[in-house]
Undergrad: 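Quick one: the structure is below, questions incoming.
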Amino acid sequence: MRVTLGANQYGKAEVRVVRVRRDGPRHELRDLNVSIALSGDLAEVHLSGDNGSVLPTDSQKNTVYAFARRYGIDQIEDFGLLLARHFVDSQPALGRARVRLTEYGWQRLGPHSFQRDGAESRTATVTVTADRTTVESGLTGLVLLNSTDSEFNGFVRDPYTTLPETDDRILATAVEANWRHRDGEPADRTATREWAGSYAGVRAALVGAFVDTYSRSLQQTLYAMGHRVLAERPEIAEIHLSLPNRHHLPVDLAPFGLTNPGEVFVATDRPYGLIEGTVTREADGVAGPVDGGP
């Protein structure tokens, strides 16, 4: 029997770093969760226990803290690029570095006072190899709800189907989205892109499509959201969406002598439908129809 080592990687996961900028009376706060994964010529550490090519994960953690101090943290994509390039450029054994970042938002209450933001979290994944850099931005936990303009009917029925058809329902989801930038990074490695403006534009397109689309299924809404992003944001090559269906079920009030004309619901957290898909830009433009619905 022949046994071989397959694909492998290692790194430091979920390094929590908070950076406070104190160069004026108005402080600035950045709160990140950073995960690093490194791969390359690392077979010997698995096969013989030779650590000669292994950068300790503790060193990776310390690099995050040192870079936060040395370079500061502004746009998470730029911070991820700094880290990923550093690991590939400084370690001969490494062929790839992937850095995943989540930024937690804080609302300003005063010059040096903040309140944790309950909205979505911004994310980024930076992957650097010797000849290619890929940047994916994203968000998670963007909770959206339409109280009408959603239906679900005409679906397949089998012996186990009990779901009634409906022509008016609540549609709610918590959006997780990841989008790949067309160029990955500026041609000049020292330059930066307008990550914040791009993020705001993609977020606005996602929300706008959710609001504007009359939904016959969450799948249709997913495609409309992805299509809107690619139609409005030329810098985006593709977007992947994961949309849990946060079910809101009408409560039967008949036992209490009351009607329920679509006004009282119970919000359930599980089980839930999970709709996922990728919308990709074709070479000659965005494929498919524009957002549909009456």
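Just so we're clear, the structure is a prediction, and the values are computed from it rather than from any experiment. Only this structure's heavy atoms are used, side chains among them; waters, hydrogens and symmetry mates stay out.
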Undergrad: Distance check, rounded to the nearest 0.5 Å: Glu276 atom CD versus Leu218 atom CG?
TA: 11.0 Å
Undergrad: Please report the closest heavy-atom contact between Pro244 and Ala174, naming both atoms and the distance.
TA: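 Smallest heavy-atom distance, with atoms named: CD-O, 3.2 Å.
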Undergrad: For the residue pair Ser150 / Arg169, report whether a side-chain donor-acceptor contact shorter than 3.5 Å exists.
TA: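 Yes, Ser150 and Arg169 have a side-chain donor paired with an acceptor closer than 3.5 Å.
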Undergrad: I'd like to know if the side chain of Gln60 and the backbone of Lys12 have a donor-acceptor N/O pair within less than 3.5 Å.
TA: yes
Undergrad: Is the shortest side-chain heavy-atom distance between Met1 and Val3 below 4.5 Å?
TA: yes
Undergrad: Could you grab the distance from atom OG1 of Thr125 to atom CZ of Arg180, nearest 0.5 Å is fine?
TA: 13.0 Å
Undergrad: Check whether any side-chain N or O of Asn8 sits under 3.5 Å from a backbone N or O of Gly6 as a donor-acceptor pair, and report yes or no.
TA: yes
Undergrad: Any idea which heavy atoms bring Ser53 and Ala93 closest together, and the distance?
TA: CB-CB, 3.6 Å
Undergrad: Charged N to carboxylate O under 4.0 angstrom, Glu28 versus Arg108?
TA: yes
Undergrad: Between Thr123 (side chain only) and Gly138 (backbone N and O only), is there a donor and an acceptor less than 3.5 Å apart?
TA: yes
Undergrad: How far does OG1 of Thr161 sit from CD of Glu165, to the nearest 0.5 angstrom?
TA: 10.5 Å
Undergrad: Do Leu206 and Ile239 come close enough that some side-chain heavy atom pair is under 4.5 Å?
TA: yes
Undergrad: State whether the side chain of Thr129 and the backbone N or O of Arg96 hold a donor-acceptor pair below 3.5 Å, judged by distance alone.
TA: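 No; judged by distance alone, with no hydrogens or angles, the pair does not exist.
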Undergrad: Tell me whether the rings of Tyr199 and Trp179 are parallel (<30°), tilted (30 to 60°) or perpendicular (>60°).
TA: tilted
Undergrad: How long is the gap from CG on Asn260 to CG on Asp252, to the nearest 0.5 Å?
TA: 8.5 Å
Undergrad: Considering only NZ, NE, NH1 and NH2 on the basic side and carboxylate oxygens on the acidic side, decide whether Arg193 and Glu235 come within less than 4.0 Å.
TA: no
Undergrad: Below 4.5 Å, heavy atoms only, C-beta onward: do Leu243 and Val175 meet side chain to side chain?
TA: yes
Undergrad: Return yes when atom CZ of Arg116 has more than 12 non-hydrogen atoms of other residues, nucleotides or ligands closer than 6.0 Å, and no otherwise.
TA: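 Buried by this count: over 12 neighbours within 6.0 Å.
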Undergrad: Could you walk me through whether Asn33 and Arg16 pass side chain to side chain contact (heavy atoms under 4.5 Å, CB included), step by step?
TA: CA-CA 5 Å; Asn33 193 7; Arg16 294 287 282 107; 3.7 Å; yes
Undergrad: Tell me whether the count of non-hydrogen atoms from other residues, nucleotides or ligands lying under 6.0 Å of CD in Gln9 goes above 12.
TA: yes
Undergrad: Given the rule that I, L, V, M, F, W and Y join up when any side-chain heavy atoms are under 4.5 Å apart, are Leu109 and Val20 in one cluster?
TA: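 No.
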Undergrad: In Å, rounded to the nearest 0.5 Å, how long is the span from CG of Asp167 to OG1 of Thr148?
TA: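 OG1 of Thr148 is found 9.0 Å from CG of Asp167.
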Undergrad: Evaluate the side-chain proximity of Gln220 to Tyr214: yes if any heavy-atom separation is below 4.5 Å, no if none is.
TA: no
Undergrad: Looking only at heavy atoms, what is the nearest atom pair of His181 and Ser198, with distance?
TA: CE1-OG, 3.6 Å
Undergrad: Would you check if the side chain of Arg182 reaches a backbone N or O of Pro234 as a donor-acceptor pair within less than 3.5 Å?
TA: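 Indeed, once roles are kept as given, a pair shorter than 3.5 Å links the two residues.
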Undergrad: Hey, does Leu163 have a side-chain heavy atom less than 4.5 Å from the side chain of Arg157?
TA: no
Undergrad: Quick one: do Asp74 and Arg30 make a salt bridge, cutoff under 4.0 Å?
TA: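 Yes, this pair counts.
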Undergrad: Could you walk me through whether Asn62 and Ser59 satisfy the side-chain hydrogen bond (donor to acceptor under 3.5 Å, both in side chains) test, starting with their C-alpha distance in whole Å, then the side-chain angles of each, then the deciding distance to 0.1 Å, before giving a yes or no?
TA: CA-CA 5 Å; Asn62 292 340; Ser59 302; 5.4 Å; no
Undergrad: Answer whether the closest heavy-atom distance between the side chains of His86 and Gln91 falls below 4.5 Å.
TA: no
Undergrad: Quick check on Arg70: does its CZ atom have over 12 non-hydrogen neighbours (other residues, nucleotides or ligands) under 6.0 Å away?
TA: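 No, the 6.0 Å shell around CZ holds no more than 12 heavy atoms from other groups.
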Undergrad: Using a 4.5 Å cut-off between side-chain heavy atoms of Ile, Leu, Val, Met, Phe, Trp and Tyr, which other residues end up in the same hydrophobic cluster as Leu42?
TA: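 So far as hydrophobic clustering goes, Leu42 is joined with Tyr10, Val15, Val17, Leu32, Val34, Ile36, Leu38, Val45, Val54, Leu55, Val64, Tyr65, Phe67, Tyr71, Ile73, Ile76, Phe79, Leu82, Leu83, Phe87, Leu94, Val99, Leu101.
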Undergrad: Looking only at non-hydrogen atoms, find the nearest pair between Tyr272 and Asn245 and report the distance.
TA: CB-O, 3.4 Å
Undergrad: Minimum heavy-atom separation for Thr57 to Gly11, with atom names?
TA: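 It is CG2-O, 3.5 Å.
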Undergrad: For Ser215 and Thr221, which I'm curious about, is there any donor-acceptor pair between the side chains at under 3.5 Å?
TA: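 A donor-acceptor contact under 3.5 Å links the two side chains.
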Undergrad: Side-chain donor-acceptor pair under 3.5 Å between Ser137 and Glu77, yes or no?
TA: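 There is such a pair (donor and acceptor under 3.5 Å, judged by atom type) between the side chains of Ser137 and Glu77.
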Undergrad: Met225 and Ile170: same hydrophobic cluster, using ILVMFWY side-chain contacts below 4.5 Å?
TA: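 Unlinked, Met225 and Ile170 end up in two clusters.
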Undergrad: I need the minimum non-hydrogen distance between Ala172 and His248, along with the two atoms involved.
TA: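 For Ala172 and His248, the tightest heavy-atom pair comes out as CB-CE1, 3.6 Å.
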Undergrad: Once you round to the nearest 0.5 Å, how far does CD of Glu120 lie from CD of Glu103?
TA: 11.0 Å
Undergrad: What residue pairs, at least two apart or across chains, pass ring-ring contact (aromatic ring centres under 6.0 Å, His included) with a residue in residues 92-143?
TA: none
Undergrad: Using side chain to side chain contact (heavy atoms under 4.5 Å, CB included) as the criterion, list what pairs up with Leu249, not counting sequence neighbours.
TA: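 With neighbours one apart ignored, the set is His247, Val266, Thr268.
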Undergrad: If Ile, Leu, Val, Met, Phe, Trp and Tyr residues are connected whenever their side-chain heavy atoms lie under 4.5 Å apart, and connections chain through other members, are Phe152 and Leu171 in the same group?
TA: no
Undergrad: So, does Arg281 use its side chain to make a donor-acceptor pair with the main chain of Leu230 at under 3.5 Å?
TA: yes
Undergrad: Answer with yes or no whether the hydrophobic clustering places Val211 together with Leu241; edges join I, L, V, M, F, W, Y residues whose side-chain heavy atoms lie under 4.5 Å apart.
TA: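 Shared cluster, yes.
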